[in-house]
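Every heavy atom of this structure was used, including side-chain atoms; hydrogens, water molecules and symmetry mates were not.
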Amino acid sequence: MQDPLPQVTMPNFSPLTLCITATSFAVSQFLFHFGSCWLSTRFTCGFTKLNAKQKIEWNSRTVSTFHAVVVGCFCLYILVYDDAVNANPVWGDPFMVKLNVAITSGYLISDLLLIICYWKAIGDKYFVTHHVAALYAYYYVLGEGMLPYFGNFRLLAEFSTPFVNQRWFFEVLGYPKHSLPNMVNGVLMTVVFFIVRIAVIPTYYGRVFSTFGTEAFHRLGIGAQCAWIISSVSLDIMNVMWMMKITKGCYKVLYHTDGILTKTQKNGKAE
């Protein structure tokens, strides 16, 4: 008698998760096409002077900032108050984390669609790769309930996004690089980037190493294990590289003494 075939486990996307993802997508689209323009014209007259491509990127970054603030705060709340996830980082009850990841997934799908539709203005192969890879990783959280603590922990990095976007806003509005608003934002960007992406590395990998050899870790399977570890290490290598560039840029601005503003090219890169 032949052994029965192993059952194939189907992903479990709850109706609530799908609804939140769809809502996040719709809100992101609304903010891009309508909300950002309406708010921006009331906050600064400089928005109306931007060309079509700049307005597209402006709206995209506005949505990005809104998403980062919402998800970042939700992430911090979960890390502090969600005892189930903190007690079992691999298989803890992922309900709250799923809600947060669903918000991010809806935003990523929306942004990916906008990148494709407005490729000439905001097209970037790196962002396409990033979004697709992130959505693949979040599949394990949303569909399988795996690694809720670690999936949520990574969203701490969103706290640095508003400062990165604000740097671009100041640049496109014509603020001098050494103006006080630009310098304050640059220092805050450097400090926050370090706190949420670099300083947390020992804490993150301390929890990672604590799961090695446990039953919970073995239940993940080799596929999820490799995807988790490889993506984590790769992301942190990039974070360290970005941190070095940001620190050098901040140092040059703060200790600029020759009185001549550095000439900038597109995207704020110094010549």
Side-chain angles (χ1 to χ4, degrees), residues 21 24-33 36 50-69 71-72 101-143 150-151 154-172 189-190 192-193 196-198 201 223-224 226-249 264-271:
T21 301
S24 175
F25 174 88
V27 170
S28 297
Q29 288 288 314
F30 174 81
L31 288 175
F32 177 86
H33 291 288
S36 175
L50 303 179
N51 61 44
K53 288 186 177 181
Q54 288 174 328
K55 286 183 178 179
I56 290 173
E57 183 163 1
W58 179 290
N59 293 336
S60 175
R61 288 180 181 270
T62 300
V63 180
S64 170
T65 297
F66 176 78
H67 161 263
V69 172
V71 169
V101 171
I103 294 172
T104 294
S105 297
Y107 161 74
L108 289 175
I109 295 171
S110 171
D111 198 50
L112 190 59
L113 177 63
L114 292 173
I115 289 173
I116 295 173
C117 292
Y118 299 99
W119 185 262
K120 291 183 178 180
I122 56 175
D124 190 313
K125 293 180 181 179
Y126 166 78
F127 281 111
V128 172
T129 302
H130 170 271
H131 287 9
V132 172
L135 288 170
Y136 173 72
Y138 290 148
Y139 157 82
Y140 286 104
V141 178
L142 294 177
F150 301 102
R154 282 300 182 184
L155 293 176
L156 273 178
E158 291 297 332
F159 277 118
S160 64
T161 300
F163 300 99
V164 175
N165 287 337
Q166 190 60 48
R167 176 180 178 273
W168 185 88
F169 291 144
F170 281 144
E171 180 185 346
V172 79
M189 179 178 69
T190 304
V192 174
F193 193 98
V196 301
R197 293 178 184 252
I198 305 300
I201 287 178
C226 290
W228 173 31
I229 302 302
I230 293 174
S231 63
S232 295
V233 173
S234 300
L235 181 60
D236 285 320
I237 290 174
M238 288 190 293
N239 282 334
V240 170
M241 294 173 63
W242 288 334
M243 185 73 247
M244 293 173 62
K245 291 182 178 181
I246 290 174
T247 303
K248 289 179 180 178
T264 58
Q265 297 176 326
K266 186 180 179 181
N267 297 326
K269 296 180 181 178
E271 286 185 340

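Annotation: salt bridge (charged side-chain N to carboxylate O under 4.0 Å, His left out) contacts of Arg197 (sequence neighbours excluded): none. Applying the side-chain contact (heavy atoms from CB on, under 4.5 Å) criterion to Leu50, with sequence neighbours excluded, gives Phe47, Gln54, Lys55, Trp58, Val172. With sequence neighbours left out, the side-chain contact (heavy atoms from CB on, under 4.5 Å) criterion links Ala68 to Glu158, Thr161, Pro162. Under the rule for a side-chain contact (heavy atoms from CB on, under 4.5 Å), the partners of Phe66 that lie at least two apart in sequence or sit in another chain are Val27, Leu31, Val70. With sequence neighbours left out, the side-chain contact (heavy atoms from CB on, under 4.5 Å) criterion links Val128 to Leu112, Ile115, Trp119, Val132. Among residues two or more places apart in sequence or in another chain, the ring-ring contact (aromatic ring centres under 6.0 Å, His included) test is passed with Phe127 by none.
Within 6.0 Å of atom CE in Met238, more than 12 heavy atoms from other residues, nucleotides or ligands are found, so the atom counts as buried in its surroundings.
Between Leu156 and Val196, the closest heavy-atom pair is O-CB, 3.5 Å. The nearest pair of heavy atoms linking Leu142 to Ala102 is CD2-N, 4.0 Å.
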Applying ring pair (Phe, Tyr, Trp, His ring centres under 6.0 Å), run through Phe169 and Phe163 and close with a yes or a no.
CA-CA 10 Å; Phe169 291 144; Phe163 300 99; over 10 Å; no

Could you go through the side chain to side chain contact (heavy atoms under 4.5 Å, CB included) check for Val63 and Gln29 one step at a time?
CA-CA 9 Å; Val63 180; Gln29 288 288 314; over 6 Å; no

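With hydrogens and angles ignored, the 3.5 Å screen pairs no side-chain donor or acceptor of Asn59 with any backbone N or O of Ser36. At least one donor-acceptor pair closer than 3.5 Å links the side chain of Ser24 to the backbone N or O of Tyr107. Of the possible donor and acceptor atoms, none in the side chain of Ser64 sits under 3.5 Å from a partner among the backbone N and O of Ser60. Ser234 places no side-chain N or O within 3.5 Å of a backbone atom of Ser231 that could act as its donor or acceptor partner.
Taking CD1 from Ile122 and CD1 from Ile56, the interatomic distance works out to 7.0 Å, rounded to the nearest 0.5 Å. Note that the CD atom of Gln166 and the CE atom of Met189 stand 11.0 Å from one another [nearest 0.5 Å]. Distance OG/Ser232 to CD1/Ile237: 11.0 Å, rounded to 0.5 Å. Once rounded to the nearest 0.5 Å, the distance linking CZ of Phe170 with CG of Asn165 reads 12.0 Å. Rounded to the nearest 0.5 Å, atoms OG1 (Thr21) and CG (Leu135) are 9.5 Å apart. Taken to the nearest 0.5 Å, the NE2 atom of His131 stands 10.0 Å off from the CD1 atom of Ile116.
At least one side-chain heavy atom of Leu113 sits less than 4.5 Å from a side-chain heavy atom of Phe25. Counting heavy atoms from C-beta on, the side chains of Glu57 and Trp168 come closer than 4.5 Å.
The one candidate from Thr62, Leu114, Asp111 that meets the side chain to side chain contact (heavy atoms under 4.5 Å, CB included) condition with Phe32 is Leu114.
Side-chain atoms of Thr104 and His67 form a donor-acceptor pair, as typed in the model, at a separation below 3.5 Å.
Taking the six-membered ring for Trp and thresholds of 30 and 60 degrees, Phe193 and Trp242 have ring planes more than 60 degrees apart, a perpendicular arrangement.
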